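Data block below; observations after.
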Amino acid sequence: MREDAIEGARTKVGAIYRSDSRRVLATLIRLLGDFELAEEALHDAFAAALEQWPRDGLPASPRAWLVSTGRFKAIDKLRRASRFDPLDEPAEQLESQIDESASQAVYEEIVEDDRLRLIFTCCHPALSPDAQVALTLREVCGLTTEEIASAFLTGATTLAQRIVRAKAKIREAHIPYEVPSQNELPERLEAVLWVVYLVFNEGYSASSGGALTRADLSAEAIRLGRLLTLLLPEPEISGLLALMLLQESRRAARTSPGGELVLLEDQDRTRWNEEQIAEGLALVKNTLASGRAGPYTLQAAIAAVHARADTMAATDWSEIVKLYELLERLQPSPVIELNRAVALAMRDGPAAGLALVDAILARGELADYHLAHAARADFCRRLGRTAEAQADYRRALELVKQEPERRFLQRRLAELSG
Amino acid sequence: MKYLCLVYLDEKRLPEVPDAECVAFDAGLRANGRCLASEALQSVHTATTVRIRNNRVSVTDGPFAETKEQLAGFYMIEARDLNEAIQIAAKIPPARVGSIEVRPIRPIRETVAAEQARQKH
């Protein structure tokens with residue numbers, strides 16, 4: 001019986017680690033003012049829980065217990081380290097910072113904000129994009145350095161160094177641990193959403209290498225998106241979450257059993273994930289209704305048009321062309337224009353698409369982008385201009401980096417030659 | 001927290017940032033106590049690089065490194081944290097045509113003094 005109780009308490013510690021360790025870490029970083037110190041404190045707090053909870057029973061509020069235990073362990077460590085250093089009194093400073101009079105409601109609010117503080121700090125624009133991604137996955141999502149390294153096909157040592165350097169910059173350059181003020185929020189949120197979407201895309205279509213998708217990263221990005229929608233009521237967060245869910249819904253249909261890329265037009269739509277589509281569609285509807293649709297929301301709206309169509313032909317291409325036009329107005333980009341060219345070709349025929357792609361290429365843009373040449377090749381193929389199509393597929397093949405995409409282009413080229 | 005804001009720009013574009021505007025910005029920054037020191041520099045053509053090699057002083061014409069943008073001046077500022085330093089740096093007039101490198105100051109005197117005190121004990 002007693003053995004069971006001990007085992008139960010141990011299991012509980014494990015469960016709380018999985019559900020709450022990131023929150024406890026976020027609060028400890030604020031209290032201790034240092035990432036490394038907070039991570040050690042987190043580790044010490046859970047070690048103490050493993051020792052004490054089976055013996056003394058679970059505390060009334062495990063999370064608060066972990067925070068205060070971690071903080072005391074850290075202060076204790078600092079005090080021992082600075083015993084012979086009269087000039088350095090971080091332990092005393094730390095103790096005086098704690099406001100014991102704060103009410104429970106205020107405390108809860110501050111603690112909820114800690115998770116946002118952590119996200120905004122990890123995604124600070126003064127850190128390199130690579131470091132933002134690595135730090136977010138490590139600190140906010142709790143992935144191990146090895147997991148992140150293998151997901152990004154980087155050496156674990158390189159990745160560990162990247163994280164160490166980022167933490168050193170946060171400490172030495174005094175990047176503040178705070179949620180940006182209202183007037184800074186839009187720009188800073190953009191950086192956060194960009195990191196989340198980058199993680200998603202790395203998982204959805206690996207930028208290089210053999211595996212087309214790395215599902216874990218996408219799942220992690222969706223989890224992050226969900227967390228953000230809970231923490232901040234901003235329409236673009238819901239827009240991004242919707243976009244990720246709608247793209248993720250096609251995962252199973254996107255690759256053949258042999259690992260080949262399956263284009264949208266050839267996908268078996270019965271294999272799309274209905275649950276994710278339903279959630280995505282509802283989010284798009286609410287977000288568009290807010291009247292503050294940003295670029296992510298518009299991209300989600302485009303994905304939603306596809307999700308609602310039973311076949312490629314039944315797709316509302318006029319709506320998609322219109323949405324791309326809105327998107328271009330918000331965010332002028334030749335890649336979005338290229339996407340509009342593809343939609344235009346579906347609505348008005350390949351000649352219309354070809355005219356737009358040629359206009360983009362004539363401006364000297366996207367010359368090194370394989371998808372621009374692949375799109376042009378496809379339009380020429382459909383127009384029966386075979387020689388041109390072959391030349392464009394060859395150009396795309398020179399530029400493509402991802403193995404399944406290369407095989408797809410080679411198949412298309414072979415079909416034309418056959 | 002002290003930061004050094006190094007102002008870099010292509011010297012050919014210097015006329016696009018009027019001196020009077022820079023001086024007015026500087027006066028404002030000094031008035032609110034944010035500016036600890038600031039100067040504009042003579043052209044990079046006046047630069048001299050000094051090294052000691054093989055116990056001999058070596059003097060050469062020109063800057064340490066030839067770059068597209070040259071160091072044109074600096075501001076030593078006092079800011080709460082990097083975010084505030086970035087906000088101040090963004091208002092330095094040459095930021096429009098060049099770039100501002102924001103570097104936190106390393107408290108070298110404090111570090112050395114603490115180390116010496118530790119050794120005495």
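Numbered from 1 within each chain, the chains take letters A, B, ... in sequence-line order. Values in this document were obtained by computation on a predicted structure and should not be read as measured data.
Salt-bridge formation is detected for the pair Arg292(A)/Glu234(A): a Lys NZ or Arg NE/NH1/NH2 atom is positioned less than 4.0 Å from an Asp or Glu carboxylate oxygen.
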Stepwise ring pair (Phe, Tyr, Trp, His ring centres under 6.0 Å) check, Phe74(B) with Tyr8(B): CA-CA 9 Å; Phe74(B) 70 87; Tyr8(B) 285 93; over 10 Å; no

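Between the side chains of Thr158(A) and Gln161(A), no donor-acceptor pair is found at a separation under 3.5 Å. Judged by distance alone, the side chains of Ser333(A) and Glu328(A) never bring a donor and an acceptor atom under 3.5 Å apart.
A donor-acceptor contact shorter than 3.5 Å is absent between the side chain of Arg51(B) and the backbone of Val59(B).
More than 12 heavy atoms of other shown residues, nucleotides or ligands fall within 6.0 angstrom of atom NZ in Lys167(A). Heavy-atom contacts from other residues, nucleotides or ligands closer than 6.0 Å to CZ of Arg56(B) number 12 or fewer.
Close approach to chain B, defined as a heavy atom under 4.5 Å from one of its heavy atoms, is seen in His124(A), Ala126(A) of residues 114-136 of chain A, taken by number.
With a threshold of 4.5 angstrom between heavy atoms, Ile105(B) does not approach chain A through any atom at all. Looking at Glu84(B), there are no atoms closer than 4.5 Å to chain A (heavy atoms on both sides), in backbone or side chain.
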